[in-house]
Protein chains: 2
Amino acid sequence: MTARSTDTKQEIIRIGKSLIRMYGYNAFSYADISKELNIKNAAVHYHFRGKEDLLAGILDNYMEEYQQLGKHLQASSLTALQKLEKFIERYSTLAECNCICIIGSVASDYNTLPESVKEKTTQLIGLAVSMIEKILLEGKRKGELHFEESARTRTLLLLTNLAAGVQLARISGKKDYDAIRKAAISQLK
Amino acid sequence: MTARSTDTKQEIIRIGKSLIRMYGYNAFSYADISKELNIKNAAVHYHFRGKEDLLAGILDNYMEEYQQLGKHLQASSLTALQKLEKFIERYSTLAECNCICIIGSVASDYNTLPESVKEKTTQLIGLAVSMIEKILLEGKRKGELHFEESARTRTLLLLTNLAAGVQLARISGKKDYDAIRKAAISQLK
DNA sequence: GTCTATATTCCGATAGAC
DNA sequence: GTCTATCGGAATATAGAC
C-alpha cells in the first residue's frame, strides 16, 4: 500500500468523523469529503465501497480512540476526578464547535443506520460506559467521588447529561452546557 | 376550506411528527408521508410549500401541545412530583417505540435545519424548560422536591437525562433508560 | 492500485390537470 | 381548491481509464 493511499484513507476517516459529529450520518455526502480532499466523489468509493463501510471505518476508529484514551487514563497518575475531567473536556471541546458526540449522533440516527453497523454502535457505547464506570468506581474506592446509585447508573446519568448537553448547547447556548457540566461534576464530589 | 383539506393537512402534521421522532428531519421524505396517506408526494407540497414549511408546522404543533400540557398540569390538583411524572411518562412512551424526543431530534440535526425554523426550536425548548422549571419550583416550595442547584440547572439536568436517555435506549436497551429515569426522579426526592 | 466518467436512484419542487 | 405528471438536481454507486 502506497503512502498516498494510506493518507487518503486516513484523511477520509478524519473528515468523516468531523462530518458525522457536525451534521449526522444522513446529512453528509461523499461529495463533502471529496471536495475537501480535491478528488472526485467516486474516489472515496475506492477506499470505502459504500457509505455503510465508511461508517464502519469511522466507528472502528472511534473505538480505537476510546480504548487508547482508556489505557492512557488508566496508566496515568491522575486522580479519579482529574480523569473524569479529562473525559468531560472532550465534550466541552465539542460544545465549542457546535458538534455533538459520536454517541448522540449515531443514537439519533440509529433507526436509519445500515444493519451491518448497528452492532458496532453497541460496542462503542459499551466502551465509553465501561471507561467512565471504572473511573467512578476508582473514585468511590479512594473516597474522591461520592454517589449512591450503582456506578453504571451514575455513568448513564453523567453520559446523558453530557451527550444531550452538547446537543442543547447548539440551540440554547453554551451557558446551559456549562451549567450542566458544573452541576454534573459537583454532584459527584 | 373543505373538511378533506383540513384532515389531510392535520394528517400530514401527525405523520410528520412521528417521522421526525423516528428518523429525524433529514431522513424522512415527502414520499414517506404521501405513501401513508395514499396520495402522490407532490400533494404534500400543496399543504406545505416545502419541507421547511412542514417543519415549521410540526414545531408550531409541538409548541401548542406543550402549552396545553403546561396549562393542563397547572390547573390540575396533582402534586408537583405527580406533575413531573406525567411529563416523564411522555419520554417512557418514546422509549417504548424507539422514538427520540422532538428536542433531541432537532438539536441533533440543528446544523442542517433551514435558518427560518431555528428560532422556533429555541422557543420550543424554552417552553419545555420553563414548564419543568415551574414544576420543580412548586415542588421545592411545597417541600415535595429537594435540590441544591437553581431550578433551571436542575431542569437542564433532568431534561438531558431524559433526552439522551431515550436516544441510548435505542442502542443499549430500555433497561438503561429505566435506570436513568428512576435515578433522575429519586435525586429530586 | 488509485482515481474518473458515468449510470441509477431518489428527493424536493414546479407547472398544470381536474 | 386539491392533487398528479413530471422536472432538475443531488446522492450513492458501478464500470472502466490510467
Side-chain angles (χ1 to χ4, degrees), chain A residues 1-59 105-106 108-109 111-118, chain B residues 1-20 22-59 105-106 109 111-118:
Chain A
M1 194 180 271
T2 70
R4 177 65 183 285
S5 154
T6 304
D7 288 355
T8 304
K9 188 158 189 169
Q10 283 310 112
E11 283 292 279
I12 291 170
I13 295 252
R14 182 184 61 79
I15 296 167
K17 285 174 70 176
S18 171
L19 289 169
I20 200 170
R21 287 183 309 212
M22 193 70 181
Y23 305 116
Y25 178 70
N26 291 301
F28 80 84
S29 72
Y30 271 29
D32 294 325
I33 295 172
S34 60
K35 270 177 209 157
E36 190 160 337
L37 290 175
N38 276 100
I39 55 179
K40 298 295 169 184
N41 63 12
V44 182
H45 281 279
Y46 167 68
H47 299 281
F48 297 95
R49 172 177 262 276
K51 202 177 175 184
E52 177 171 351
D53 305 275
L54 172 56
L55 178 57
I58 290 173
L59 293 176
S105 181
V106 295
S108 294
D109 288 342
N111 290 345
T112 69
L113 297 185
E115 287 301 322
S116 63
V117 302
K118 287 189 172 180
Chain B
M1 193 180 270
T2 70
R4 176 67 181 287
S5 154
T6 305
D7 288 355
T8 304
K9 187 158 189 167
Q10 284 309 113
E11 283 292 279
I12 291 170
I13 294 252
R14 182 185 60 77
I15 296 167
K17 285 174 71 174
S18 171
L19 288 169
I20 201 170
M22 193 72 180
Y23 305 115
Y25 178 69
N26 292 302
F28 80 84
S29 72
Y30 272 29
D32 294 324
I33 295 172
S34 60
K35 270 176 209 158
E36 189 161 337
L37 290 176
N38 275 102
I39 55 179
K40 298 295 168 183
N41 63 11
V44 182
H45 282 279
Y46 167 69
H47 299 282
F48 296 95
R49 170 178 262 276
K51 201 176 175 184
E52 179 171 349
D53 305 274
L54 172 56
L55 178 56
I58 290 172
L59 293 176
S105 180
V106 295
D109 288 342
N111 290 344
T112 69
L113 296 186
E115 288 300 322
S116 63
V117 302
K118 288 189 173 180

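Fair warning: this is a prediction, and the values are worked out from it, not measured in the lab. A note on names: the letters A, B, ... follow the listed sequences, proteins ahead of strands, and every chain is numbered from 1.
Contacts between residues 16-23 of chain A and DNA chain C, defined by a heavy-atom separation under 4.0 Å, are absent.
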Check: Reading nucleotides 11-18 of chain C 5' to 3', which nucleotides get B (base under 4.0 Å from a protein heavy atom), which S (sugar-phosphate only), which -?
Finding: SSBB----
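Neither OP1 nor OP2 of D/dG1 sits under 4.0 Å from any side-chain N or O of B/His47.
Rounding to whole angstrom units, OH of residue A/Tyr46 and C1' of C/dA5 are separated by 18 Å. When rounded to the nearest whole Å, the span between CG of A/Asp7 and C1' of C/dG1 equals 15 Å. One interatomic measurement links the two molecules: CD1 of B/Ile33 to C1' of D/dC3, which rounds to 16 Å at whole-angstrom precision. The CG-C1' distance, from A/Asn38 to C/dT4, rounds to 14 Å in whole Å. Protein atom NZ of A/Lys9 is 12 Å distant from nucleotide atom P of C/dG1, rounded to whole Å.
The side-chain contact (heavy atoms from CB on, under 4.5 Å) check on A/Arg14 picks up A/Glu11, A/Glu36, with sequence neighbours excluded. Residues passing the salt bridge (Lys or Arg N to Asp or Glu O under 4.0 Å) test with B/Lys17 are B/Glu65, sequence neighbours excluded. The side-chain contact (heavy atoms from CB on, under 4.5 Å) check on B/Ser105 picks up B/Ile20, B/Ile100, with sequence neighbours excluded. Looking at residues two or more places apart in sequence or on another chain, you find a side-chain contact (heavy atoms from CB on, under 4.5 Å) between B/Ala43 and B/Ile39.
Side-chain atoms of B/Phe28 and B/Ile33, non-hydrogen and from C-beta on, do get closer than 4.5 Å to each other.
Put simply, CG on A/Asp53 and CD1 on A/Ile58 are 11.0 Å apart, with the number rounded to the nearest 0.5 Å. The CG atom of A/Asn26 sits 11.5 Å away from the OH atom of B/Tyr23 when rounded to the nearest 0.5 Å.
Nearest heavy-atom pair, A/Asn41 versus A/Tyr30, reported as atom, atom and distance to 0.1 Å: O-CD2, 3.8 Å.
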